[in-house]
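Accompanying notes for the structure given below.
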Amino acid sequence: MRALSKEHESAMHRAEDYVVELRSVSKQYGETVAVANVSLSARRGELVCFLGPSGCGKTTTLRMVAGFVEPTSGMVSINNIDMTHQPPYRRDTGMVFQSYALFPHMTVAENIAFGLENLKWPRHKREQRVEEMLRLVELPHLAQRLPGQLSGGQQQRIALARALAMRPAVLLLDEPFSNLDAQLRIRMREELREVIRSVDVTTLFVTHDQEEALTMSDRIVVMNAGQVEQLGTPGEIYEAPATSFVAQFIGWCSLLRGTVGPDGAFTSTAGLRLVGNWSAGPGTAVIRPEQIKLSTDGAAGVYLQARVLQSNYYGGATRIVLDVNGEQLTMQERFPFGRHPKPGDLLGVTINTNEIRILPTNDS
Ligand SMILES: Nc1ncnc2c1ncn2[C@@H]1O[C@H](COP(=O)(O)OP(=O)(O)OP(=O)(O)O)[C@@H](O)[C@H]1O
Ligand SMILES: [Mg+2]
């Protein structure tokens, strides 16, 4: 057998690596730029989440991958084939829409079999696949029900079964848990992760729920106003936000504007000084609640006196907004029952500066 050329080898490697590729994909509706220059390569079996506020272009991006929206510019490829101008049925994708859109007049089994019937699968093969899919989503007893006779969570799982029945290379999910209660959401997250792992399907998942994104994703695309703010693993996005938008959108944080002096210490505009070893220049300090602790001395960082501005009870913890030397900082602590601080109280706190990031201030 002839040895593969370097180019050939690397092309085959690419084919193996990436199932979905977006290259500078944009979509404009008249004056509105819905999506601007989004690029992404998703590996086989990878779960990539699109996260961002309402209207930032998540659904539009997903629909361009599915083929329901044609990009104004850029390229969408699936399994290394340019699909930019191909209709949805050619793309080997399965989609669960933002509202799950089961066919109301068809039973659960008919819904799941719909795509297979279009492909003219023989009846016994169809039935076999439907059964397999219902087992996968653990609802085999509901095959003959109509969607209207199912709970929201069950409809959700059937929509997922229908999308997976065709064994698509790419699964596209648009806020699939938006209508579920908090507990069912958490259970469905785990179930979906399991299902995705068991069939090894590449999945693009849209959510505006940061916790969902952090717990489920291999990587997260944070979007803002049609653009990608940051693309990274959940750990990278949370621990090393690239912009203040990302820092604020994922988890709680306080942002302090200021300057790092030649000695590496940060001084905020209001004069709060944090000793550290950052690079000199103007910057924004990102301080997470877990970096501030109650304390009586500075053994674990910078010790400060703080005045309580707000105190909100969340059950497991109390979130407190503090005034520290004229800056507002948010911290989180568990207090004994009946001992929650009140606005006006004075607290001693320590800021652990080791993990604080200073972003260059030129971002918006
Ligand atoms: N068919 C359309 N015609 C005109 N503008 C559109 C169209 N579809 C979407 N848009 C606009 O494009 C932008 C992005 O919309 P998109 O539906 O992608 O947002 P999203 O991130 O999914 O928001 P949400 O979280 O609310 O679902 C919005 O400003 C929206 O108004
Ligand atoms: Mg949407």
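Numbering of ligands and ligand atoms starts at 1, following listing order. The figures here come from the full heavy-atom set of this structure, side chains too, leaving out hydrogens, waters and symmetry mates.
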Under 3.5 Å between any N/O of [X] and any N/O of ligand 1: does that happen in this structure?
| X | result |
| --- | --- |
| G57 | yes |
| K58 | yes |
| T59 | yes |
| T32 | no |

Ring centroid separation F114 to F103 under 6.0 Å: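 Centroid distance F114-F103: below 6.0 Å, so yes.
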Aromatic centroids of F97 and F68 separated by under 6.0 Å: yes
Within-cutoff protein neighbour (heavy atom, under 4.0 Å) for atom 30 (C) of ligand 1: no
Closer than 4.0 Å: a protein non-hydrogen atom to atom 27 (O) of ligand 1: yes
Quick test: of every protein heavy atom, which one is nearest to [atom], and how far off is it to 0.1 Å?
| atom | result |
| --- | --- |
| atom 15 (O) of ligand 1 | T60 OG1, 3.7 Å |
| atom 8 (N) of ligand 1 | Y29 CE1, 3.5 Å |
| atom 12 (O) of ligand 1 | A34 CB, 3.2 Å |

Option with minimal heavy-atom separation from atom 13 (C) of ligand 1, where the choices are G52, A225, G55: G55
Over all atoms of both residues, closest heavy-atom pair of K58 and V206: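 That closest heavy-atom pairing would be CB-CG1, 3.5 Å.
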Evaluation steps, salt bridge (Lys or Arg N to Asp or Glu O under 4.0 Å), between R193 and D218: CA-CA 11 Å; R193 216 33 272 211; D218 294 311; 3.7 Å; yes
Sub-4.0 Å atoms of ligand 1 with respect to non-hydrogen atoms of E175: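 That gives atoms 25 (O) of ligand 1.
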Metal proximity, T59 vs the Mg ion (ligand 2), N/O/S cut-off 2.8 Å: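 Yes, since at least one N, O or S atom of T59 sits under 2.8 Å from the Mg ion (ligand 2).
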Location of contacts on M223 toward ligand 1, heavy atoms closer than 4.0 Å: neither
Sub-4.5 Å side-chain heavy-atom contact between T84 and P71: yes
Cation-aromatic face contact R43/Y18, 6.0 Å, 45 degrees: no
Lys/Arg cation over aromatic W252: R288, 6.0 Å, 45° cone: no
Test item: side-chain donor near acceptor, Q291 and N352, under 3.5 Å: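 Side-chain D/A pair, Q291 to N352: absent.
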Nearest-0.5 Å distance that lies between atom CE in M223 and atom CZ in F50: 7.0 Å
